[in-house]
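The chains referred to below are lettered A, B, ... by the order of the sequence lines, with proteins before strands, and numbering in each begins at 1. Please read these numbers as outputs of a predicted model, since none were measured by experiment.
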Amino acid sequence: MKEPLRQLVLQGLARLQEQAVLPADVGVPFVIERTRSKEHGDFATNAALLLAKPARKNPRALAEALVAALPKSEQIHKVEIAGPGFINFFLGATAYHDEVRRVLAEAEAYGRNASGAGKTVGVEFVSANPTGPLHVGHGRNAVIGDCLSRLFEATGWNVRREFYYNDAGVQIQNLAISVQARARRLKPEDAGWPEDGYRGDYIADVAREYLAGESVEADGHIVTGAKNPDDLDAIRQFAVTSLRHEQDLDLKAFGVSFDVYFLESSLYTDGMVEKTARELIAHGHTYEEGGALWLRTTDFGDDKDRVMRKSDGTYTYFVPDVAYHLSKWQRGYGHAITVLGSDHHGTLARVKAGLQALDAGIPKDWPEYVLYQMITVMRGGEEVKISKRAGSYLTLRDLIDEAGRDATRYFLIARKSDSQLVFDIDLARSQSNDNPVYYIQYAHARVCSVFRQLDERGLSWNRANGLAQLALLDNEHEVALMSEVARYPEIVETAAANLEPNLVAQYLRELANALHAYYHAHAFIVDDANLRDARSALIVATRQVLANGLGLLGVSAPEKM
RNA sequence: GCGCCCGUAGCUCAACUGGAUAGAGCAUCGGCCUUCUAAGCCGACGGUUGCAGGUUCGAGUCCUGUCGGGCGUGCCA
């Protein structure tokens, strides 16, 4: 609804320029925004305030000139000048009625837009190493990445969901020797247990399956346990596949899937690491010191130079990181997002520096990172840190099992990613009015319930008549609800542009509130068929937007609760 | 030491990216079920936006300083 107003203001400004009230060369980044208070109408613009200085005019006088120059519009009921020079727009009821018609006409597509123009965006998230079950931090990562992907899809992007993992490094070696130790009947407290070995129970499970010769499948290949505790290579392959498989099961239970699983080892086998190193050397940003090869990342904003190749001839992790991102660039991810725990933020500057040092035409702000803060999980008023299965941390599976997929997803996405969050298990699993997930779902189920009632009473909704009778919707609660419904496309747009899916969660709560309030203030199933059909149209539109919004969050929209 | 993120009601969080009187939920207190689901609605209480300056018509939002919390700062991944 903002765009038509924006056009009106632009036309008004153009007219003022023709009349020489405004200098011809001013371009002003004015905004059309929702007002906080209904006293100020539905929308406001600050154009006159921003133009006052360049035009050397009093802002209120300028506002009056601008209002006089605005083209007429049927959607606008009234225009007022307020405060220091705000221009407030009061929409007529027909503007909202038109929006209800739009919702019903567009249905699942309502709120979507084509701003992405089919361009490709790569969203990399989770990217957990296969050394253990996913933990709660991965859960936050997963839901942020998944919801961002859904938002990109809703705004016309071609989305590639990507999971990158290290299947060959020191940590994987550590995994292999830990499983081997278990296969040799050692326990973490025994003498001979590897010093930094993984101690969780899951290591024993993997060892048992390996010894039993079971088969596991992940990322398109099957590995069968070789049973031999001395074959470390076989153990490693089995363990990686087994843990990847377990992660896949957790992700599936969480409603998250990927298009691409990218193995770090492939960067070595296909020569990308070597090639990247050669490129960096060729572009003259490296030097040798102390037997090691350094990259002058300080030339690109890093605070110290970084070692690329250690004196023992092996590469530091940061070279494959750069190679990996180069691969994304070469695969056509013109826009790339990486969802990363803020404890890894130190890697950003050097990866970006490495990419710049390649002189490959990669923009300075590519890729874009979404950093999220740590989670504290509370149960019974105490912090929960230990999971039975993982030993040292709480797993995502624990959370899903206790709170359910919907509540877990909602709780992890409802907060802005850069604020630390407290996940209260007792609250998330409570089937009570304390729980915001149920509040929203209940609004959806409530509308469904009204239609079941309608049916039971032998009535049915005449959709065409409802849409023809929307003018009957004029009470305070109806206007408030229609106004809330009409905000949805803006929410999608803003959430996608700012990479803030939490805005959708926030919005849905407000929409549900408007629906619940309307429900209590007015009966929907009334004797007057015209009014009944019109009200039904409004609540169907509301249900549609609730379902669309919940869909963006990957949370179900139940018909009955 | 240096760098990044965060400090908003007792608690958990918003505030449309610089807009008008800073809003919700929980908790506390008080109302509302013979009527479409009370997993709900309505009301009350609760604030010097950590602190001090600055920028401008206007600052929770931007800048500087300061205090507090988290994270990072390896020839570890």
Protein-nucleotide distance ([X], atom [atom1]; [N], atom [atom2]), rounded to Å:
| X | N | atom1 | atom2 | value |
| --- | --- | --- | --- | --- |
| Leu62(A) | rC57(B) | CG | P | 15 Å |
| Leu515(A) | rC42(B) | CG | P | 12 Å |
| Trp461(A) | rC36(B) | CH2 | C1' | 16 Å |
| Lys352(A) | rC4(B) | NZ | P | 14 Å |
| Asp406(A) | rA39(B) | CG | C1' | 14 Å |
| Asp424(A) | rA27(B) | CG | C1' | 13 Å |
| Tyr410(A) | rG25(B) | OH | P | 12 Å |
| His516(A) | rA24(B) | NE2 | C1' | 14 Å |

On a whole-Å scale, what distance lies between the [atom1] atoms belonging to [N] and [M]?
| N | M | atom1 | answer |
| --- | --- | --- | --- |
| rA52(B) | rC71(B) | P | 29 Å |
| rU61(B) | rU21(B) | P | 16 Å |
| rA38(B) | rC45(B) | C1' | 23 Å |
| rG60(B) | rU55(B) | P | 16 Å |
| rA20(B) | rC62(B) | P | 15 Å |
| rC42(B) | rG25(B) | P | 8 Å |
| rG74(B) | rG18(B) | P | 35 Å |
| rU8(B) | rC2(B) | P | 25 Å |

TODO: Give a yes/no answer on whether the side chain of Arg446(A) brings an N or O atom under 4.0 Å of OP1 or OP2 in rA38(B).
DONE: yes
Open item on the list: Counting primed atoms plus P, OP1 and OP2 as sugar-phosphate and everything else as base, spell out the protein contacts along nucleotides 71-77 of chain B at 4.0 Å heavy-atom distance: B, S or - for each nucleotide, 5' to 3'.
Closed with: BSSSBSB
Open item on the list: Rounded to the nearest 0.5 Å, what separates atom CG in Asn174(A) from atom CD1 in Ile177(A)?
Closed with: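 Result: 5.0 Å between the selected atoms.
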Find every protein N or O atom lying less than 3.5 Å from an N or O atom of nucleotides 11-19 of chain B, and list the pairs.
from	atom 1	to	atom 2	distance (Å)
rU12(B)	O2'	Arg415(A)	NH2	3.1
rC13(B)	OP1	Gln420(A)	O	2.8
rC13(B)	OP1	Val422(A)	N	3.3
rC13(B)	O2'	Arg415(A)	NH1	2.8
rA14(B)	OP1	Lys416(A)	N	2.9
rC16(B)	N3	Arg34(A)	O	3.2
rC16(B)	N4	Arg34(A)	O	2.9
rU17(B)	N3	Asn498(A)	ND2	2.6
rU17(B)	O4	Asn498(A)	ND2	2.8
rU17(B)	O4	Glu500(A)	OE1	3.0
rU17(B)	O4	Glu500(A)	OE2	3.1
rG19(B)	N7	Asn46(A)	ND2	3.3

Taking the ring centre of each residue, are [X] and [Y] less than 6.0 Å apart?
| X | Y | answer |
| --- | --- | --- |
| Tyr439(A) | His516(A) | yes |
| Tyr165(A) | Phe262(A) | no |
| Phe163(A) | Phe125(A) | no |

NZ or CZ of [X] within 45° of [Y] ring axis and under 6.0 Å:
| X | Y | result |
| --- | --- | --- |
| Arg532(A) | Phe524(A) | no |
| Arg509(A) | Tyr410(A) | no |
| Arg60(A) | Phe86(A) | no |
| Arg535(A) | Tyr518(A) | no |

Task: First encountered from the 5' end of RNA chain B, between Ala512(A) and His522(A) - done: His522(A)
So [X], base contact, sugar-phosphate only, or nothing? Heavy-atom distance under 4.0 Å.
| X | value |
| --- | --- |
| Ala349(A) | nothing |
| Glu456(A) | nothing |
| Asp321(A) | nothing |
| Phe451(A) | nothing |

Open item on the list: Looking at Asp42(A) and Leu91(A), would you say the former's side chain and the latter's main chain have a donor-acceptor pair under 3.5 Å?
Closed with: yes
Task: Ser311(A) side-chain N/O to Gly291(A) backbone N/O, donor-acceptor pair under 3.5 Å - done: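 Pair absent, no side-chain N/O of Ser311(A) close to backbone of Gly291(A).
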Task: Carboxylate-amine/guanidinium proximity below 4.0 Å for Lys2(A) and Glu33(A) - done: no
Open item on the list: Can you tell whether the side chains of Glu510(A) and Arg487(A) come within less than 4.0 Å, N to carboxylate O?
Closed with: yes
Task: salt bridge (charged side-chain N to carboxylate O under 4.0 Å, His left out) partners of residues 164-176 of chain A, not counting sequence neighbours, each pair once - done: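 Of all non-adjacent pairs touching residues 164-176 of chain A, none passes salt bridge (charged side-chain N to carboxylate O under 4.0 Å, His left out).
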TODO: Could you check Asn129(A) against Thr131(A) for side chain to side chain donor-acceptor pair (under 3.5 Å), going step by step and ending with a plain yes or no?
DONE: CA-CA 6 Å; Asn129(A) 285 343; Thr131(A) 54; 5.7 Å; no
- [ ] Work out which heavy atom in Glu39(A) is nearest to a heavy atom in Phe90(A); give both atom names and the distance.
- [x]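 Closest approach of Glu39(A) to Phe90(A), heavy atoms only: O-CZ, 3.5 Å.
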Open item on the list: List the residues meeting side chain to side chain contact (heavy atoms under 4.5 Å, CB included) with His285(A), not counting sequence neighbours, and say none if there are none.
Closed with: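 Result, side chain to side chain contact (heavy atoms under 4.5 Å, CB included) vs His285(A): His283(A), Leu295(A), Asp299(A), Phe300(A), Ala357(A), Asp359(A).
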Open item on the list: Using a 3.5 Å limit for the pairing distances, which stems of at least 3 consecutive Watson-Crick or G-U wobble pairs does RNA chain B take part in?
Closed with: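 Stem list for RNA chain B: B:1-7 with B:67-73, B:10-13 with B:23-26, B:28-32 with B:40-44, B:50-54 with B:62-66.
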Output one line per pair: protein atom, nucleotide atom from nucleotides 29-34 of chain B, and distance, for all N/O pairs under 3.5 Å.
none

Task: Nucleotide nearest Asn88(A) (side chain, heavy atoms from C-beta), chosen from rC6(B), rA20(B), rC36(B) - done: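 Of all the options, the side chain of Asn88(A) is nearest to rA20(B).
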